[in-house]
Amino acid sequence: MYADVAFPIKLPPLTYKLPVVAPPDMEGRIVKAPLMGKSRYGLIVAVTDNPDFKGKDIKAVQDIRYHFVSGNGIKFLKWISDYYLAPIGIALKSGFFEEAVKSEVSGQYPAVGEKIKEKKYETFLFHAPSIHAEHAQLKEFLNSDVRGVIILAPEINEIERIAPDLKKIFGERLCVIHSKLTKAKRTDAVKKIISGESDIVIGTRSAVFAPLKNISLIAVLGEHSPSYKAEESPGYNARDAAVMRGFIEKACVLLSSVSPSIESVYNAKIGKYTTLNADSHPETKRPRIKIVGENRTKGKASTIAGEVLKEAKNTISKKGKFLFLINRKGYSLIRCEDCGHTVQCKKCGIPLVFYKAKNAVRCNYCGLEKNIPESCEECKGFAMKPAGTGTEKIKEEVEELLGTKTLLLEKERSLSPSPLPLAPDILPFVVGTTYAAKKLRDEKFDAAALFNIDQTLSQPDFRAYERTFQQVTQIAGTINPDGSLFLQTWNPKNRILRFIKNYDFHGFYDYELSQRKMLDYPPFSKIVLFNISYKKGINLSDDVRNMIEAEEIKGLEVLGPVEIPPILKSYPRCIQILLKSKDSRILHSYARRLLDKLEKIKDVKINADVDPLKV
DNA sequence: AGCACGCCGACT
DNA sequence: GTCGGCGTGCTC
């Protein structure tokens, strides 16, 4: 007997010999096996009589340990590996394998014999009228005899908000998993799950891999959130993975959000998901959304529109709280008034941000900081002036025009988990990025103004409208239901803004779905994005083009290759290819083959992103 | 992941 | 000349 062993590294499973007297249930067991002269722990993912590997000496496994992954668990890991075009070892790494190796579990077999209730797979989509309603719906799915639950939250903040309530219901059965846990704490949590001591898991995206023996419910809060997409290999989307895991485990899946994703709404429309309606939460009052035209007066006009200022003054007199939001850090950008060129980071190719207090420009990507260039690198002119608006400038304007101090709140680079500033009690005027809105969600501001909705709307990405809608809905949730949210725009007649103003989700979904259908974008097609980094010298672009042209596939669209700025150091060039198809099987088999071919080329690094969020 | 091998820059 | 930096390749 032979076993295919996956190691938690970028490597396909390797074949090892099993001892003659091996326990019967080898699949899913942790084993020690020799690898490059050392021994390492891996997981048996398959058992065979005649191995594929035709090498001369097949080594034997050295130690057989406990049964960590069930048959369903292996199915899930294989799905992740297959669907996201990553070696199973990398999926295993995401699946808490290293923590499991450290866990000494008493008794080799999982506790069987526990009566498992008759289970059926079903995914529900709940479009929540408020965060409160979203939590209430989750609690309806949870009663104290429910066994085996995974609750996913998009961010750690969110976990901290719900965990205390769950602790009250489940006590020691509850366990928290997220990336900010120390190694020891994470191992502890995994241990508790494996031993069965803990069967209610709440966590961020990685918790979808929680090694529960039985799962009856997987809940995904804020299911639209881009945080569910892992950047690092295997680039999984935890929401989609949750649905697949639920399907495999015959569990119930609850997707919920105050602004569900287009994909999920579509899946509900075609009957893949069951819609839960919000009847039990009638007439939810929401803050009024006001669309305000930008100040069109030339010259020294302020960024903040008159109507917003008026409301802000009103808020002061009522001793209320006002939130000013703009998704751009720093004071402004620096632009040449002669030719319109914006000062950019040479390395990263993105605009450098002007910080007034430091009197310097800085790249928010690589951290480069330098003095403001005196002359334009394009036209050599000397008309370098601040242009555009960031948080610092809004802060300056608010303080000047309203004669009040404000708190600036934005996400700092590599900031250790910051304590929640209780400033709104002391400083009722807060300026910040949307990070501030999230952080201060429970403060219930009386009003808020968002200044850069036009940029959000005009991002060159097919999901720009969807993201804008979600962002505004999110911000609206942080405002008093009697309050107002001002959206400043150059295009007050914009169609999307009108949907937003009226909280017209149905109108928006219908419109957006018709657009996506017309242009063959997801959810009407599936996409895979390839980034191919390579060294100078090779004419890769042509090679790839030939490779693609060698094989024309019906029902598959190949866009590119296009040259993009390099993403990896020591690989100075990069090209991008977008694969698109209505048939996900065609797409996947082609993507797989293309990836295999490309990986054989020397001096080339490939990154394949399945279902990318940013295109 | 780790470990060996190999190819270019600094230095006894 | 060679010591050693890390970038690349291989592991049943």
Side-chain angles (χ1 to χ4, degrees), chain A residues 1-20 22 26-65 68-69 74 77-78 80-81 84-103 179 182-184 186-187 190 206 209 230-236 347 530-538 540 543 566-575 595-608:
Chain A
M1 286 290 260
Y2 297 88
D4 287 338
V5 177
F7 296 92
I9 52 181
K10 194 180 173 225
L11 188 72
L14 304 179
T15 310
Y16 291 87
K17 219 179 273 177
L18 284 175
V20 194
M26 290 303 286
E27 266 193 30
R29 277 178 180 275
I30 293 177
V31 289
K32 206 196 238 173
L35 181 68
M36 277 206 53
K38 277 209 146 194
S39 30
R40 287 186 64 113
Y41 283 106
L43 186 86
I44 298 184
V45 292
V47 176
T48 46
D49 284 321
N50 33 344
D52 288 340
F53 182 63
K54 296 286 175 257
K56 33 193 171 339
D57 61 357
I58 295 182
K59 293 174 182 167
V61 298
Q62 293 167 331
D63 185 16
I64 299 168
R65 289 190 56 203
F68 169 54
V69 184
I74 290 181
L77 291 173
K78 281 188 173 159
I80 290 277
S81 150
Y84 291 105
L85 305 169
I88 194 164
I90 297 298
L92 198 59
K93 208 175 144 76
S94 304
F96 304 106
F97 180 76
E98 275 139 337
E99 289 82 357
V101 167
K102 278 185 233 151
S103 306
S179 57
T182 60
K183 264 193 172 172
R186 191 167 38 240
T187 305
V190 169
S206 65
F209 288 97
E231 285 118 67
E232 69 291 358
S233 185
Y236 63 94
K347 221 168 71 188
F530 276 81
N531 281 332
I532 306 161
S533 301
Y534 61 106
K535 306 217 160 166
K536 277 191 190 113
I538 357 167
L540 190 71
D543 283 1
I567 22 183
L568 300 174
K569 60 167 186 177
S570 78
Y571 288 83
R573 304 189 64 185
C574 187
I575 53 174
L595 184 62
D596 289 345
K597 275 194 222 168
L598 288 169
E599 275 178 339
K600 286 203 185 92
I601 309 173
K602 213 165 83 68
D603 287 341
V604 169
K605 277 263 184 295
I606 322 289
N607 177 48

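Numbered from 1 within each chain, the chains take letters A, B, ... in sequence-line order. Owing to the predicted nature of the structure, the values given are computational and were not obtained by experimental measurement.
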CG of A/Leu14 versus P of C/dC10: gap in Å, rounded? 14 Å
Expressed as a whole number of angstroms, how long is the span from A/Tyr571:OH to C/dG7:P? 9 Å
If you look at every strand shown and take non-hydrogen atoms under 4.0 Å, does A/Pro34 touch a base, only sugar-phosphate, or nothing? sugar-phosphate
Can you tell me the distance, in whole Å, between the NZ atom of A/Lys605 and the C1' atom of C/dG7? 9 Å
Within the 6.0 Å centroid threshold, strictly below: A/Tyr236 and A/Phe209: yes
Over all strands shown, is A/Tyr16 touching base, sugar-phosphate only, or nothing at heavy-atom distances under 4.0 angstrom? sugar-phosphate
Below the 4.0 Å mark, does C/dC12 have OP1 or OP2 next to a side-chain nitrogen or oxygen of A/Lys59? yes
What do you reckon, is CG of A/Asp63 surrounded by more than 12 foreign heavy atoms closer than 6.0 Å? yes
Go through C/dT11, C/dC12, B/dA1 for me and flag the one nearest to the A/Arg40 side chain. B/dA1
Separation of atom CD in A/Glu599 from atom C1' in C/dT8, rounded to whole Å: 14 Å
Under a 4.5 Å cut-off applied to non-hydrogen side-chain atoms, are A/Leu92 and A/Val45 in contact? no
Would a 4.5 Å heavy-atom cut-off, applied to side chains only, mark A/Phe68 and A/Val101 as touching? no
d(NZ, A/Lys10; P, C/dT8) in whole Å: 12 Å
Any side-chain heavy-atom pair of A/Arg65 and A/Arg29 under 4.5 Å: no
What's A/Lys17 touching, base or sugar-phosphate or nothing? Going by heavy atoms closer than 4.0 Å. nothing
Expressed as a whole number of angstroms, how long is the span from A/Phe7:CZ to B/dC3:C1'? 15 Å
Specify the separation, in whole Å, of atom CZ of A/Phe53 and atom P of C/dC12. 7 Å
Which nucleotide wins on minimum distance to the side chain of A/Ile58, given the candidates B/dA1, C/dC10, C/dC12? C/dC12
Over how many whole Å does the gap from A/Leu35 atom CG to B/dA4 atom C1' extend? 14 Å
